[in-house]
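In what follows, a structure is listed as structure tokens, so that the remarks can point back to it.
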Amino acid sequence: MKKLIILSTIIILASTSHTMAQMIVKIKPQRPNVVMVKPTKIHKNKIWIEGHWKWAKQAKNYQWVKGRWVKSRINKTWRNGKWKKIPAGWKYVPGQWSKS
């Protein structure tokens, strides 16, 4: 029974560390040279999410995700993602909703 508990704990820890893993790069990706014009707001309850780089596991490189309008959330503010300098290089901190 004790071995089963230990094995289960190892499996859970291994699976959660894999899902939280994040790619760290030595050189921060640059925004595309294409100038994106923010389209006109379609609905009053939408907010603009800026385009950003996203790591594509299968392609093993960063791919550009276009900006888009999304439905706003009550009492929440969207904080755009950003690149953060760390000792090992750069890592992308994804955008997220936060309390207003």
Side-chain angles (χ1 to χ4, degrees):
M1 183 67 175
K2 189 174 181 180
K3 287 182 182 181
L4 181 60
I5 293 171
I6 292 171
L7 181 60
S8 298
T9 305
I10 291 171
I11 290 171
I12 290 169
L13 290 174
S15 65
T16 56
S17 66
H18 176 70
T19 57
M20 295 186 320
Q22 194 172 31
M23 178 59 61
I24 296 173
V25 295
K26 296 289 182 190
I27 300 171
K28 176 175 76 168
Q30 299 298 313
R31 294 180 73 84
N33 290 333
V34 177
V35 176
M36 295 293 293
V37 178
K38 182 169 124 178
T40 307
K41 194 174 192 177
I42 301 170
H43 299 288
K44 65 179 181 178
N45 65 340
K46 299 271 184 168
I47 63 141
W48 179 253
I49 304 285
E50 290 185 357
H52 61 277
W53 289 102
K54 182 177 180 179
W55 181 254
K57 288 182 185 177
Q58 290 181 334
K60 295 184 181 174
N61 65 7
Y62 280 93
Q63 295 179 347
W64 182 252
V65 177
K66 293 180 183 178
R68 65 197 183 282
W69 289 104
V70 297
K71 186 177 179 181
S72 58
R73 297 185 183 179
I74 297 172
N75 298 325
K76 299 276 184 165
T77 302
W78 176 256
R79 300 201 187 271
N80 285 316
K82 61 184 177 186
W83 283 94
K84 182 178 179 181
K85 179 75 172 145
I86 60 171
W90 292 87
K91 78 173 186 176
Y92 183 73
V93 179
Q96 62 184 356
W97 292 98
S98 62
K99 292 183 181 182
S100 296

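Note that the structure is predicted; figures quoted are calculated from it, not measured. Sequential numbering from 1 along the given sequence is applied to the chain's residues.
Atom CD of E50 sits about 9.0 Å away from atom CH2 of W48, to the nearest 0.5 Å. Atom NZ of K60 is separated from atom CD of Q58 by 10.0 Å, given to the nearest 0.5 angstrom. Here NZ of K99 is found 13.5 Å from CZ of R73. Values are rounded to the nearest 0.5 Å.
The aromatic rings of Y92 and H52 lie parallel to each other, their planes meeting at an angle below 30°, with 60° marking the opposite boundary.
By the side chain to side chain contact (heavy atoms under 4.5 Å, CB included) test, V70 is found to be paired with I47, I49, R68, W97, residues two or more places apart in sequence or in another chain being considered. For the side chain to side chain contact (heavy atoms under 4.5 Å, CB included) test, residues two or more places apart in sequence or in another chain that qualify with Q63 are A56, A59, N61.
Between K71 and N45, some side-chain heavy-atom pair lies under the 4.5 Å cut-off.
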Do any side-chain atoms of residues 77-85 form donor-acceptor pairs under 3.5 angstrom with protein atoms, and if so which ones, sequence neighbours left out?
from: T77; atom 1: OG1; to: S100; atom 2: OG; distance (Å): 3.0
from: W78; atom 1: NE1; to: N80; atom 2: OD1; distance (Å): 2.9
from: R79; atom 1: NE; to: S98; atom 2: OG; distance (Å): 3.0

